[in-house]
Enquirer: 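Dumping the structure here so I can ask a few things about it.
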Amino acid sequence: MQRTNYLARKVLFRAITLVVVIIFNFFLFRILPGDPVKSIARSPRLTREVREQLMVDFGLDKPVWINIDALKKGNILGGLDTQFTAYFQELMKGNLGVSYRSRRDVAEVLQERVGRTVLLVAGGEIIALIFGVTLGLIAAWRRDTRLDTSILLSALFFWAFPTFFLGIILLILAGGHLPIGGMVTPGLKPVDGWKYWIDVGEHLILPTLTMAIIYTSSYVMIMRSSVLEVLSEDYILTAKAKGMNTFQILRDHALKNAMLPIVTIVALNLGYIVGGAIQVETVFSWPGIGRLMYDSVTQRDYPMMQGIFLILAISVITANLMADLLYSILDPRVRAE
Amino acid sequence: MNQVKEIWSGFQKNPMGILGFLMLLFVVIVAVFAPLLAPYDPDVQIDVEPGDILAPPDSEHLLGRDDAGKDVLSQLIYGARVSLTVGFTASFMSLFFGTTVGLVSGYYGGKIGNWLMRVVDFLMVIPSLPLMLVIISLWGRGLWKIIFVIGLLGWTSIARLVRSQVVSIKERKFVERARAIGASNFRIILRHVLPQVIPIVLTVAILDISGAIIAESSLSFLGLGDPTLTSWGMMLNFAFERGLSRRAWWFLLPPGFAIVWVSMGLVLLGRTLEDIVNPRLETHHLFDANRMLSLFVGEQSKREQKKENVILGVRNLSVSYLLDDETELQAVEDLSFNLKKGSILGLVGESGCGKTTAMLSVLRLLPAAGRITSGEILYKDKDLLKISEQEMREYRGNDISLVYQGAMNALNPVRKVGDQIAESIMLHGKRTERKSTEHRVRELLERVGISPALANQYPHQYSGGMRQRAMIAMALSCSPDILITDEPTTALDVMIQAQILDLLQDLQKDLGLSIIMVTHNLGVVAEICDEVLVMYCGKTAEYASVDTIYNDPQHPYTQRLLEAFPDIDKPNSDLATIPGSPPPLDMLPTGCRFEPRCHCKLDYCGDKTPKLKRVGPDHYVACHLVE
């Protein structure tokens, strides 16, 4: 009962956030100079038919927020006939506009790219979690020993790295031994089966490693302070008084409790991680959403940028919702809130 | 002023912080004196010939030349200015926004506060780098626009931190006092709240500077830097686009490591300050458990052989705490007692008398700084101080159990109570099958008066009294011989206290349990104990049977303790209190430790330490009055 309340509140808040993001996205591309939506329609690169279709789709002849003309005529519903409602309707249909450059449907391009970025981010994240949690646990347990100091200092060192620069360094170091750019050796196709996938895997190593190192460093620090806190709790003394050994205590009492804050932080971190993905994909020419963002920025491809930003924001919000759900399963106290 | 001193002295002890500060100072000096330090004008191409493009380092250009033939070292030196400007201004902006929002939201709370926090929550899930990219590419590239955007997106974490700080400060005495005398809210915030928040916020702001510098470099690397300025990120952009294929490491590595250098310096500095401003506990429960015995040199017992029915004999136990500056504080000195089989021994004294330390020593569960310096702890003829940690674990929870005060956090909040009890049973191999273990858990819960159906609940669903009962059930789970209870009834209301005591007494009778009960409540002692040991400042003051203690107390401290306890037979008599409190361990008086508070001291009490004397059958007193 209480848990349902908690979840309902969370779902509601995330849903509101999502709506706000959608409005924000619309607003952002209209308030800043350049008025990109109008320029889509004016773009000489588009054929006349596409341009006219866009004018209709985006209702560019209509007012932005409120249709005062219609209201004056007493047509209340007509007052809502605006660019904003048109944007919203198109969005619901999955129409994110057409790219300036490639003239392709933005949603279609995103669909094609999103899986590749997920592959990269998920790989990096999983490795970072495994190493971050383990090293953080060890550092906290061996607090103030030489081992702790070296783990902490290396974490701080890599934490000070801009993601793209670490990528460049790895690229220089591994050049010649591992593929340093692209997703697959030109010529190989998915029909080549396992050969294709092994090649993709080789291309994944460096970008994934870059992400993994950067995020390991922040998880180490978070986990270390989390474990330090848990280890000074009374229930650790209880466990010791039961006769449990250090390993059993760390495994059965410290790990789960210390991992709880990590769940939320992983989701919140996703916002930074997609930022990292943009840099890593740029350095390694990995053809995912991040590289697409870089290309659209350099080409001033506004519809594409708008679509990417929306998809990234939605993913982060969804991830946060999932973290809320997971948290409520893991932490019995949340249900009592 | 005091705070500044404190931070400074903490700082001096921490080489990492000093290193970070020096690293940052170096960059600041380079940035300030850039025109003097740079060998060339970074923006000017001097006599560029085709061979000068990406020319490797030589004696004229120590870091070689870039893709336009310009001197890399000079660009690097001037780049420090851009990075520091961005870092400091953007984080100052975040600091200003974040502190304002956090103060307002935390201080006023209510609807405005909640709405502001909703905005913060909203902004926190927006991916910041993509948003910066979108804004800058729509708005146009420029240093101040970049600073503005970074500052605007960086304040949310500061707002959260300030809010949580303010919420806790708001409730404190000095703020309430200021409010009571009619100070305006604005004045309270400015004079009372802000100064408390500033140190912790500043440390976060230092970490923020490094975040801003990295953000600027990422934007520049992605081609959105200010085109009129040469920042480190911009150099990396050019170096990556045009220098990588020519292997121009002199162009690529220096700006990258410059960023790493400055943000490493900031992080070291920031974390050091954080540790000083917001110190953590020095240690934790798993901290180097074995070190305790490494310093221990066992002494042979001088006492005669123990009696037949003694189950636990403590002989001449001394325990010290070792401080950071190597000074030793003696918490327990020369403590001896016998726990008879099936009896209850009360260990009484005010807080800070070494009772808990002594009991933790029996189980060898002292915190890391604790050292048992001498003595013997004999359980069934075995000296528990001479066995390995591994052997000791076999005894803990199995033969000797501990229930300590404040059961609030004594149970792991995220695991079911039943599972936590079962854990102990399985650990010592009392049951191996799941079914029979569960059966035993239900049996135990029933024994301590908790419905077995509640085994599947979590600690927060239990009341305080139930949690304490669950702890007792856990302690009994392996049918131990000895139960040590450390103030098991503090923080519980009187009804529950009585129930728990009844339970302990029943258990002692039914299971033949021997119990050591640490308490400062003499009523409890009178009700259930067989023998009493009164401790003061780590030493035995008086040790006798409960009847002797109540009817013939010899030590002034015992007498005072008894007077301070309400007597039902004399309801109208005034309750006496003992003036003063036990001295801290580093200020122990010479001679008799109770002398400064004693009401019947002799001339030499302050000089001569009284020895523990036998004054009757099984009655020991350490006082000059009985000599």
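When reading the values below, keep in mind they use all heavy atoms of this one structure, side chains included, and skip hydrogens, waters and symmetry mates. A note on names: the letters A, B, ... follow the listed sequences, proteins ahead of strands, and every chain is numbered from 1.
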Enquirer: Hey, does B:F240 have a side-chain heavy atom less than 4.5 Å from the side chain of A:F165?
Expert: no
Enquirer: From B:L253 CG over to A:I168 CD1, what is the distance, rounded to the nearest 0.5 angstrom?
Expert: 9.0 Å
Enquirer: Of the backbone (N, CA, C, O) and the side chain (C-beta and beyond), which part of A:N320 lies under 4.5 Å from a heavy atom of chain B, both, or neither?
Expert: side chain
Enquirer: A side-chain contact here means heavy atoms from C-beta on lying under 4.5 Å apart; do A:V297 and B:L222 qualify?
Expert: no
Enquirer: Taking atom CE of B:M124 and atom OG1 of A:T17, what is their separation to the nearest 0.5 Å?
Expert: 13.0 Å
Enquirer: Does A:F309 reach the side chain of B:I126, with side-chain heavy atoms less than 4.5 Å apart?
Expert: yes
Enquirer: Measure A:V283 against the heavy atoms of chain B and call it side chain, backbone, both or neither at under 4.5 Å.
Expert: both
Enquirer: Is the closest side-chain heavy-atom distance between B:P130 and A:I308 below 4.5 Å?
Expert: no
Enquirer: A side-chain contact here means heavy atoms from C-beta on lying under 4.5 Å apart; do B:M264 and A:F161 qualify?
Expert: no
Enquirer: Where does A:M221 contact chain B at under 4.5 Å (heavy atoms): side chain, backbone, both or neither?
Expert: side chain
Enquirer: Any side-chain heavy atom of B:R415 within less than 4.5 Å of one from A:D252?
Expert: yes
Enquirer: Do we see a donor-acceptor contact under 3.5 Å between the side chains of A:H253 and B:E423?
Expert: yes
Enquirer: Could you tell me which portion of A:F24 (side chain, backbone, both or neither) has an atom closer than 4.5 angstrom to a non-hydrogen atom of chain B?
Expert: side chain
Enquirer: With only heavy atoms counted, which part of A:L18 is less than 4.5 Å from chain B, the side chain, the backbone, both or neither?
Expert: neither
Enquirer: Within the 4.5 Å heavy-atom criterion, are B:F221 and A:P162 side-chain neighbours or not?
Expert: no
Enquirer: I need the A:T246 OG1 to B:E389 CD distance, nearest 0.5 Å.
Expert: 7.0 Å
